[in-house]
Amino acid sequence: WGPLAFVLGAAELATSVPEYETVLQYRTEAGGQEQTWRGRTVNVICANGRTIGGGRAVAPNAKLSDGRMELVVLRAGSLPELAGAGTRLMAGAWDDHDLVDTHSVVSARIRSAPGLKFNVDGDLWTEGPVRIEVVEEALRIVPGSDAPAI
């Protein structure tokens, strides 16, 4: 369904958007002080590249080669506010929306109640707490010069 899948998914959730009491614990530098973010969320994305889901730009500041990842947090809000965030996502510029927080990190632990459904490349991974860490230069890639994730 490509980009239409996002619109169909949003329409399906329009009557009630699930919210999660979420705790993010993250480090912005290896060995650095752990920081904590708490709040009600709709979604949390961990991105080491700028795009997900067939090229949708969700983390415009992310770079595959910098040893970091972007935590993109969509906080809970009213349906009109969430629709505005969705519109900004479709335009590729949602990182400056009022409900979106971003954190550039090297590691993160994420837990929520109820459990967020985490997926990796479209496959359900877990609903439990997760720990994610960047492992620099663990995978060699040869991107094209116009690769959108770079």
Side-chain angles (χ1 to χ4, degrees), residues 1-10 13 17-77 81-112 115-150:
W1 289 94
L4 186 57
F6 178 81
V7 175
L8 293 173
L13 294 174
V17 177
E19 295 182 6
Y20 305 88
E21 289 296 327
T22 304
V23 178
L24 306 175
Q25 294 172 286
Y26 59 90
R27 295 181 195 279
T28 59
E29 299 295 332
Q33 181 72 26
E34 188 171 75
Q35 300 178 44
T36 302
W37 182 100
R38 297 174 193 273
R40 289 180 320 128
T41 64
V42 172
N43 198 359
V44 177
I45 298 169
C46 303
N48 65 340
R50 293 192 292 230
T51 63
I52 64 168
R56 181 72 45 216
V58 296
N61 297 321
K63 297 178 185 160
L64 288 174
S65 59
D66 67 357
R68 308 182 68 71
M69 67 181 157
E70 297 294 308
L71 290 181
V72 182
V73 180
L74 177 56
R75 289 182 282 109
E81 290 172 321
L82 291 169
T87 301
R88 298 292 303 225
L89 171 63
M90 297 302 285
W94 79 332
D95 59 319
D96 62 353
H97 190 277
D98 290 343
L99 290 181
V100 177
D101 294 330
T102 59
H103 308 274
S104 181
V105 305
V106 295
S107 65
R109 291 185 293 153
I110 305 167
R111 66 181 190 274
S112 67
L116 275 164
K117 294 179 179 168
F118 286 95
N119 72 67
V120 177
D121 286 338
D123 294 322
L124 183 61
W125 184 31
T126 184
E127 291 182 29
V130 297
R131 183 181 193 301
I132 302 168
E133 184 173 345
V134 175
V135 179
E136 287 189 71
E137 299 182 7
L139 178 65
R140 286 193 100 82
I141 62 168
V142 181
S145 61
D146 62 345
I150 303 296

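In what follows, residues are counted from 1 in the order of the sequence shown. Just the heavy atoms: all of them, side chains too, but no hydrogens, waters or symmetry mates, feed the values below. In this text, all values refer to a predicted model and were calculated from it rather than measured experimentally.
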Peer 1: Nearest 0.5 Å, please: how far is OG1 in Thr51 from CG in Leu64?
Peer 2: 8.0 Å

Peer 1: Is any side-chain heavy atom of Arg38 less than 4.5 Å from a side-chain heavy atom of Gln25?
Peer 2: no

Peer 1: Taking all heavy atoms of Gly67 and all of Glu136, pick out the closest pair and write down the distance.
Peer 2: CA-CG, 3.6 Å

Peer 1: As an exercise, state the distance from CG of Leu24 to OG1 of Thr36, rounded to the nearest 0.5 Å.
Peer 2: 9.0 Å

Peer 1: Taking all non-hydrogen atoms of both residues, which atom of Ala76 and which atom of Glu19 are closest, and how far apart?
Peer 2: CB-CD, 3.5 Å

Peer 1: I'd like to check His103 versus Val73 (side-chain heavy atoms, cut-off strictly below 4.5 Å). Are they in contact?
Peer 2: yes

Peer 1: Looking at Arg109 and Val23, would you say the former's side chain and the latter's main chain have a donor-acceptor pair under 3.5 Å?
Peer 2: no

Peer 1: Please tell me if the side chains of Arg75 and Asp101 come closer than 4.5 Å, counting only heavy atoms from C-beta onward.
Peer 2: yes

Peer 1: Rounded to the nearest 0.5 Å, what's the gap from CG on Leu116 to OG1 on Thr126? Could you check?
Peer 2: 10.5 Å

Peer 1: Kindly indicate whether the side chain of Leu99, heavy atoms from C-beta on, has any atom under 4.5 Å from the side chain of Leu82.
Peer 2: yes

Peer 1: Might you work through the side chain to side chain contact (heavy atoms under 4.5 Å, CB included) test for Arg68 and Thr28, ending with a clear yes or no?
Peer 2: CA-CA 8 Å; Arg68 308 182 68 71; Thr28 59; 4.0 Å; yes

Peer 1: If you look at every heavy atom in Ala108 and Met69, which pair is closest and at what distance?
Peer 2: N-CE, 3.9 Å

Peer 1: Can you see which heavy atom on Ser112 is nearest to which on Thr22, and at what distance?
Peer 2: CB-OG1, 3.7 Å

Peer 1: Which atom names give the shortest non-hydrogen contact between Leu74 and Ala85, and what distance separates them?
Peer 2: CD1-CB, 4.0 Å

Peer 1: In the structure I gave you, are the side-chain heavy atoms of Val130 and Trp125 within less than 4.5 Å of one another anywhere?
Peer 2: yes

Peer 1: Please report the closest heavy-atom contact between Glu70 and Ala59, naming both atoms and the distance.
Peer 2: CB-CB, 3.9 Å

Peer 1: Do Glu21 and Arg40 come within less than 4.5 Å of each other through their side chains, counting heavy atoms only?
Peer 2: yes

Peer 1: Can you find a pair of side-chain heavy atoms, one from Ile110 and one from Cys46, that are under 4.5 Å apart?
Peer 2: yes

Peer 1: Between Val105 and Ile132, is any pair of side-chain heavy atoms under 4.5 Å apart?
Peer 2: no

